[in-house]
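First the structure, then my questions, so here it is.
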Amino acid sequence: MAATLLLLSVPFFSLSAIAVALAFLVRPRPVRIPVKGRHVFITGGSSGIGLALARRAAAEGARVSILARSAARLNEAREAIRLATGVDVAVFSADVRDAEAVARAVEAAGPIDLLVCNHGVFTPQELEHQDLEDVRFMVDVNLMGTFHLIKAALPAMKQRARATKLPASISIMSSQAGQVGVYGYTAYSASKFALRGLGEALQHEVIGDNIHVSLIFPPDTETPGFAEEHKRRPELTNIIAGSSGGMKADDVAQKAMDGIKTGTFIVPCNFEGTMLSIATAGLSPQRSYRMAFVEVFGAGFMRFMGLCFQWNWFSTIENWHAKKKSM
Amino acid sequence: MASLFLLFLLVVPFAALLLLLLLAAVVRPRRVRIPIKGRHVLITGGSSGIGLALARRAATEGARVSILARNPARLEEARDTIRLATGVDAAVLAADVRDPTAVARALEEAGPVDVLVCNQGVFVPQELETQELEEVRFMVEVNLMGSFHLIKAALPAMKARARETGLPASIALVSSQAGQVGVYGYTAYSASKFGLRGLAEALQHEVIADNIHVSLIFPPDTETPGFAEEHKRRPELTHMIAGSSGGMKPDDVAEKALKGIKSGTFIIPCNFEGIMLSIATAGLSPQRSYLTAFVEVLGAGFMRLLGLCFQWNWFNTIEKWHAKKSNK
């Protein structure tokens, strides 16, 4: 009896010791980023996740600016937000691929507290068949567009954070396709994986200015963009990517805002997303010692799960090709 | 008490064996051996550094080698170097990988490829705040778009060739440890190199049925002409942080790279730290070796802990550096 108790106490104390060690280890330190009364700038803000984010931020008392290409859709969005929250948002029309237009828009908007690089385009297709123009489109909008925005916003953000002494945020909308690449996603996954490389390095560079970087990883989300994408999906992409459930834009926006406000670096949006995030935690920074604990103890099992997923996917691909041949 | 201990002693190796057997059944894609001898190996960035070392090695192993780079003079020098070292005459192709038309022409001239090594890369470390957007674009265009151009151009003939010969082919991409973790000064470079992984994971799904096998190589700092240039430009903090990974000789990187390519290994580390990094960042990458998978599953937790320690160290370094600067 006493022996059993002694035996059980070993894992208990080791686990507690690890939790305590993690509490001291996790960097950067936890942070609370206020949204009320602050300037939130959202790109791709006239529809989908961006619009949902803008609505939420407005409802929480932020001063909201939305950027997108189409002036008409921007005005519709402004109306929608006014109807839903009573708040008037500022609208800016620019193509994120144009660095100068972005700089002008960011200048016109004024210093930003929370920059949300949410814009994104997505055409799934096998690289062999896809036009290089489509590939370039995704890389230019999703990746270079984000570089343009951060470059333009950073100087004023730093000054503002220094002046107000409040923590600021740069958040970037990635995707579960930015955590794992699957059939049909060469260009999209390339652009979204790249955002993580950007984010990890950027956090090192701006932590000294009290700016906190977040990456959001939604699954398939019911947006106008997704409806378009779905039409073009190769069959195999459907079979493989269909394994992750779809979400409503508003739910994604809620998870995103929660993550942004706590300066969380990797922000998953649903249960599968959390599993994926543990599996792909890699060398990402982690502010929460609880989450770090889950990551450390869940990592091995998640790698095993990941290998099972690949087993399933490669089997699916094999079966599909075999079926095609026998037709 | 003793019986409990004995039970424990029995259960652990049994569980390990069970895991090993499970993994042996699960790992995909299946193992492959990709022959080099007598096959057409095309290496971009092949006139210097890691590319030249790879070309020399491939030539020594009896491959028909083509090297692609921008500068015709350096290509000729490289051809001479390879001839002197191996007696083999490499074909040279001058093209800028940023230009898809030039790349397509070069690939057409070279003929069908068996092993495509996208090794070209440029690297200018600087804080994003002060870096010119032109330089950011340069790295993304060369490192990432350049690889898209190459694969797009080479793929049709590679598929046809693999079908004809019945032999497995390879598309290898040279990434970097900066493509496994982003650190101070590397926003653009890490972005371009992380991008290659997204490309590769998806690409492997798309080309496995054509018997084409994708590999990513992750070297640390390597003593090449490119590195000498880069080193001059490095911000101080990048030095303090990135200096923690040891440098390697291009020939040793080439050796590890070729070995990995020949076994169709998806994630190819080049040194001990690289192996640790690869376990930490294994994520959902495919794994053909059940032994490596075993190490990944059992080592993942500890590697995450180690990764957190690294970030603790790096953020402390950054904090102290800023504090010191503030005091001055």
Side-chain angles (χ1 to χ4, degrees), chain A residues 3 7 25-28 99 126-128 132 135-136 139 143-144 147 150-151 154 178-186 189-194 196-198 200-202 204-205 207-208 279-283 285-286 292 295-297 299-300 303-304 306-311 313-314 317 321, chain B residues 1 4 23 26-29 100 127-129 133 136-137 140 144-145 148 151-152 155 179 181-187 190-195 197-199 201-203 205-206 208-209 280-284 286-287 293 296-298 300-301 304-305 307-312 314-315 318 322:
Chain A
L7 210 64
L25 205 60
V26 289
R27 288 287 186 279
E126 295 92 339
L127 181 58
E128 193 190 3
L132 274 173
V135 174
R136 181 168 285 290
V139 173
L143 181 58
M144 286 311 300
F147 270 113
I150 298 173
K151 234 357 230 155
L154 209 43
Q179 295 177 300
V180 58
V182 297
Y183 192 101
Y185 284 31
T186 48
S189 285
S191 71
K192 293 301 194 177
F193 265 73
R196 170 139 172 197
L198 197 183
E200 282 189 7
L202 185 68
H204 278 193
E205 293 175 18
I207 189 70
T280 60
L283 258 84
Q286 179 55 260
E295 285 172 356
V296 169
F297 285 98
R303 177 52 178 158
F304 180 70
L307 291 166
C308 291
F309 266 96
Q310 288 290 11
W311 172 82
W313 292 336
F314 278 102
I317 293 168
H321 280 285
Chain B
M1 174 65 187
L4 206 71
L23 289 172
V26 154
V27 288
R28 290 286 187 277
E127 295 93 338
L128 181 58
E129 192 191 4
L133 273 171
V136 173
R137 184 168 281 288
V140 173
L144 183 57
M145 285 311 298
F148 272 110
I151 297 170
K152 206 62 193 126
L155 209 43
V181 58
V183 297
Y184 192 101
Y186 284 31
T187 49
S190 286
S192 71
K193 292 302 194 177
F194 267 71
R197 173 143 171 195
L199 196 184
E201 282 189 7
L203 184 67
H205 278 193
E206 293 175 18
I208 187 69
T281 59
L284 258 84
Q287 178 56 257
E296 285 173 353
V297 170
L298 291 181
R304 179 53 180 156
L305 186 62
L308 292 166
C309 292
F310 267 96
Q311 287 290 12
W312 173 84
W314 293 337
F315 278 102
I318 293 166
H322 281 293

Exercise for the section: May I have the step-by-step check of side-chain contact (heavy atoms from CB on, under 4.5 Å) for B:Leu284 and A:Trp313, ending in yes or no? Expected result: CA-CA 11 Å; B:Leu284 258 84; A:Trp313 292 336; 3.9 Å; yes
Practice task
Counting only heavy atoms closer than 4.5 Å, note whether B:Leu144 contacts chain A via side chain, backbone, both or neither.
Solution key: side chain
Handout entry: Atom pair CE (B:Met145) and CG (A:Leu132), whose distance is rounded to the nearest 0.5 Å
Key = 6.0 Å
Problem - Heavy-atom side-chain contact between B:Lys152 and A:Leu127 under 4.5 Å - result: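 Side-chain contact under 4.5 Å: yes.
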Problem - Atom pair CG (A:Leu143) and CZ (B:Arg137), whose distance is rounded to the nearest 0.5 Å - result: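 The CZ atom of B:Arg137 is 9.5 Å from CG of A:Leu143, to the nearest 0.5 Å.
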Problem - Under 3.5 Å donor-acceptor, A:Arg303 side chain and B:Gly283 backbone - result: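 Such a contact is found between A:Arg303 side chain and B:Gly283 backbone.
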Practice task
Could you look at B:Leu155 and say if it's the side chain, the backbone, both or neither that has a heavy atom under 4.5 Å from chain A?
Solution key: side chain
Exercise for the section: Check whether any side-chain heavy atom of A:Ile150 sits under 4.5 Å from a side-chain heavy atom of B:Thr187, and report yes or no. Expected result: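 Answer no - side chains too far apart.
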Practice task
Consider only side-chain N and O atoms of B:His205 and A:Gln310, and report whether a donor and an acceptor are under 3.5 Å apart.
Solution key: yes
Practice task
Taking the side chain as every heavy atom from C-beta outward, state whether A:Phe193 and B:Glu201 have any pair of such atoms under 4.5 Å apart.
Solution key: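 They are in contact (side-chain heavy atoms under 4.5 Å apart), so the answer is yes.
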Problem - Proximal component of B:Ile318, with respect to chain A [non-hydrogen, under 4.5 Å] - result: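 Just its side chain gets close to chain A.
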Handout entry: Interface moiety of B:Leu305 toward chain A, non-hydrogen atoms closer than 4.5 Å
Key =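 For B:Leu305, heavy atoms of backbone and side chain both lie under 4.5 Å from chain A.
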